[in-house]
Amino acid sequence: MKTRKFQLASRCCFCKKDEETLEHILWKCNYSEIIWKWLGGMFNFKNPKSFDEVFSSAKHKSPAVGEIWRYAAFITLKELWFQRNRSVYEDEVFNEQNIKSRILKLTAEGEIRMKQLMWNNAYVVKEISFKLPQKNQLLLCCDGASRGNPRNSGYGIMAINDKGEVVVAIEGGLGISTNFFAEIMAIICAGEWVIHNGFRILLFSTDSKSVIVAFENLRVPWFAIARWKKICNIATKYEFLHNYRELNFSANDLANIGATMQREDQHIYTSKPPFLVNLENEKQKYFMTV
């Protein structure tokens, strides 16, 4: 109709501003972007802007995660278009919560039809949640990353208070080392920074159970023993919390950047780093495959 010069002056039924097109409704409308940001936050993905980006987002994830993402993404596309039809023909107002509920429900129902595995193992989809620390306690989300075992490695630290505010974020390079070494150094560097800056009640969060066991049983490598004892002597109280990688993604992103840095190089941020799209949110639901 446009090529025949028909005047199509219809506006988007959601935002009431831009011209209504398929691309706008599905990808670019502010209302649609809210839904994509919510869905992408569960997977730590950026908002897709096309079908190609839906497929490429999970390129380096496990087959199971990739299938869940694609299934949920296509359900989202369908629900956005159905919502458009209801808004146009039934005068239904855009309802964010209803759309989210339908996407979750239909994705959960589709799980029984899924065939892909988690790196060739059986899997279960599990809902998990992020918890802020208690009052006067500092949550230290720590992670280490190595581009081989051993190869260039780095660490990432995200310190959050009980109000959900970023106290400090740190990324650092370690040179050539193993992933275990990087995980150990993340804990040590986090402890040293917060002790030096006056914090005394600490909660270390890591996705490595072996690292937690090493610290709790004082079986850390020799190079870290003296540094760890100094932290323990100054801290009023410290605890370890095992968290899933899906709830530790900010520190993981920082660690991956650290692995690209030179040994002993370090970047310190006293607020949320501008390059991090999302932070862990206590009000957000997350999903993992086990």
Side-chain angles (χ1 to χ4, degrees), residues 44 60-62 119 133 138-160 166-199 202-235 238-280:
N44 197 26
H60 300 295
K61 301 295 182 179
S62 71
W119 301 128
L138 193 64
L139 176 63
L140 299 168
C141 299
C142 305
D143 200 11
S146 177
R147 299 185 138 192
N149 214 15
R151 267 188 95 179
N152 287 342
S153 63
Y155 59 88
I157 302 162
M158 180 68 71
I160 304 172
V166 176
V167 176
V168 69
I170 305 174
E171 58 197 17
L174 295 170
I176 297 177
S177 70
T178 64
N179 192 71
F180 181 74
F181 176 91
E183 299 271 9
I184 291 288
M185 291 305 298
I187 300 291
I188 293 294
C189 292
E192 290 178 338
W193 190 94
V194 295
I195 289 297
H196 179 74
N197 285 273
F199 296 94
L202 315 177
L203 177 61
F204 295 96
S205 174
T206 175
D207 55 35
S208 174
K209 289 184 178 180
S210 60
V211 167
I212 293 177
V213 171
F215 278 101
E216 289 183 337
N217 293 285
L218 295 178
R219 293 180 179 175
V220 296
W222 63 269
F223 59 82
I225 293 175
R227 295 169 70 176
W228 176 242
K229 285 184 177 180
K230 185 176 180 179
I231 294 170
C232 295
N233 290 336
I234 298 176
Y238 67 86
E239 299 177 60
F240 282 93
L241 170 68
H242 176 255
N243 242 336
Y244 298 107
R245 185 173 296 273
E246 288 79 0
L247 299 179
N248 204 40
F249 53 82
S250 295
N252 179 256
D253 288 347
L254 292 168
N256 286 327
I257 295 174
T260 67
M261 298 165 59
Q262 297 295 317
R263 182 179 179 181
E264 298 185 357
D265 282 355
Q266 188 182 73
H267 296 157
I268 298 177
Y269 309 86
T270 54
S271 61
K272 175 182 174 292
F275 53 82
L276 291 183
V277 178
N278 297 307
L279 295 180
E280 293 82 351

Mind running side chain to side chain contact (heavy atoms under 4.5 Å, CB included) on I195 and L202 for me, showing each step along the way?
CA-CA 9 Å; I195 289 297; L202 315 177; 4.2 Å; yes
Any chance you could lay out the side chain to side chain contact (heavy atoms under 4.5 Å, CB included) test for Q266 and I170, step after step, and finish with the verdict?
CA-CA 7 Å; Q266 188 182 73; I170 305 174; 3.6 Å; yes
CA sep, side-chain torsions, deciding dist, call: I188, Y155, side chain to side chain contact (heavy atoms under 4.5 Å, CB included):
CA-CA 10 Å; I188 293 294; Y155 59 88; over 6 Å; no
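For the pair T206 (side chain) and L241 (backbone), a donor-acceptor distance under 3.5 Å is absent. Of the possible donor and acceptor atoms, one in the side chain of S146 sits under 3.5 Å from a partner among the backbone N and O of S177. Side-chain atoms of E280 come within 3.5 Å of backbone N or O of S250 as a donor-acceptor pair.
Shown here is E216, whose CD atom has more than 12 heavy atoms of other residues, nucleotides or ligands within 6.0 Å. Open room surrounds CD1 on I176; 12 or fewer heavy atoms of other groups in view lie less than 6.0 Å from it.
Between L174 and A182, the shortest heavy-atom distance links the atoms CD1-CA, 3.6 Å. The two residues L139 and S205 come nearest to each other via the heavy atoms CD1-CB, 3.8 Å. Across every non-hydrogen atom of F249 and N278, the tightest pair is CE1-O, 3.5 Å. Contact record, G144 with E183: N-OE1, 3.4 Å, taken as the closest heavy-atom pair. Considering all non-hydrogen atoms of both residues, N179 and A145 come closest at OD1-CA, 3.6 Å. Considering every non-hydrogen atom in both R227 and C189, the closest pair reads NH2-SG, 4.5 Å.
Applying the ring-ring contact (aromatic ring centres under 6.0 Å, His included) rule to W193 yields no partners; only residues at least two apart in sequence or on another chain are considered.
Atom CG of residue N252 and atom CG of residue D207 lie 7.0 Å apart, to the nearest 0.5 angstrom. Expressed to the nearest 0.5 Å, how far CG of L203 lies from CG of L140 amounts to 7.5 Å. In this structure, CG in D143 is found 9.5 Å from CG in L254, a value given to the nearest 0.5 Å. In this structure, OG in S208 is found 9.0 Å from CZ in R245, a value given to the nearest 0.5 Å.
Side chains of I184 and F223 form a contact here, defined as non-hydrogen atoms less than 4.5 Å apart. Two residues are said to be in side-chain contact when any heavy atoms from C-beta on lie closer than 4.5 Å; L218 and K229 fail this criterion. Counting only heavy atoms from C-beta outward, the side chains of M158 and D253 never approach each other to under 4.5 Å.
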Could you pull out all donor-acceptor pairs under 3.5 Å where a side-chain atom in residues 269-276 meets a protein atom, sequence neighbours excluded?
residue	atom	partner	partner atom	Å
Y269	OH	E171	OE2	2.9
K272	NZ	L276	O	2.4

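Between F204 and Y238, the ring-plane angle classifies as perpendicular under the 30° and 60° cut-offs.
N243 and N248 are not linked by any side-chain donor-acceptor pair at a separation below 3.5 angstrom, with hydrogens and angles left out of the test.
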